[in-house]
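Here the structure is a predicted model, which means the values were calculated and not measured. Hydrogens, waters and symmetry mates play no part in the numbers below; they use all other heavy atoms, side chains included.
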Amino acid sequence: MAEGEVRSRRWPVKLCGPTRKKLVFSLQEKYPDLDPLTVRFTDLHKYVTELEGFADDPTKSNEPKLEAIQMAWHEEYKDAQ
């Protein structure tokens, strides 16, 4: 790493696998007041792919993956209320 360069404290975020939980935490952190059940899948896809550290192929997204992310995010949202 070059002098003065700051390494991101984020991790590579993927649509599925072990980093999905980190993805959900990132969404909850970035949008704490947004009820995930009100988010359209097109918007959710945008939110996910715009997360810092997103390191997956955006075209691998599909409705079942987005629904799983949305439901996991909803659980985090409920816990935070």
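The 12-atom threshold is not exceeded at CD of E63, counting heavy atoms of other residues, nucleotides or ligands nearer than 6.0 Å.
Residues forming a salt bridge (charged side-chain N to carboxylate O under 4.0 Å, His left out) with E75 (at least two apart in sequence, or on another chain): K78. With sequence neighbours excluded, the residues forming a side-chain hydrogen bond (donor to acceptor under 3.5 Å, both in side chains) with Q28 are W73, listed by chain and number. Y31 is linked by a ring pair (Phe, Tyr, Trp, His ring centres under 6.0 Å) to Y47, counting only residues two or more places apart in sequence or in another chain. Applying the side-chain contact (heavy atoms from CB on, under 4.5 Å) criterion to D35, with sequence neighbours excluded, gives L37, T38, H74, Y77.
Atom OG1 in T42 sits 10.0 Å away from atom NE2 in H45 (nearest 0.5 Å). For the atom pair L51 CG and E29 CD, the distance stands at 9.5 Å (nearest 0.5 Å).
The backbone N or O of F25 sits nowhere less than 3.5 Å from a side-chain atom of E76 that would complete a donor-acceptor pair. Under a 3.5 Å cut-off, the side chain of S61 and the backbone N or O of P58 do not form any donor-acceptor pair.
V48 and L23 make their closest contact through CG1-CD1, 3.6 Å (heavy atoms, listed as atom of the first residue, atom of the second, distance). The heavy-atom pair separating E50 from K30 by the smallest distance is O-NZ, 4.2 Å.
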Practice task
Check the pair K60 / D57 against side chain to side chain contact (heavy atoms under 4.5 Å, CB included), numbers first and verdict last.
Solution key: CA-CA 6 Å; K60 289 183 180 179; D57 181 354; 3.8 Å; yes
Practice task
Check the pair L27, L44 against side chain to side chain contact (heavy atoms under 4.5 Å, CB included), reporting the backbone distance first and the verdict last.
Solution key: CA-CA 9 Å; L27 288 169; L44 180 57; 4.1 Å; yes
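Using a 4.0 Å cut-off between charged side-chain N and carboxylate O, D43 and R40 make a salt bridge.
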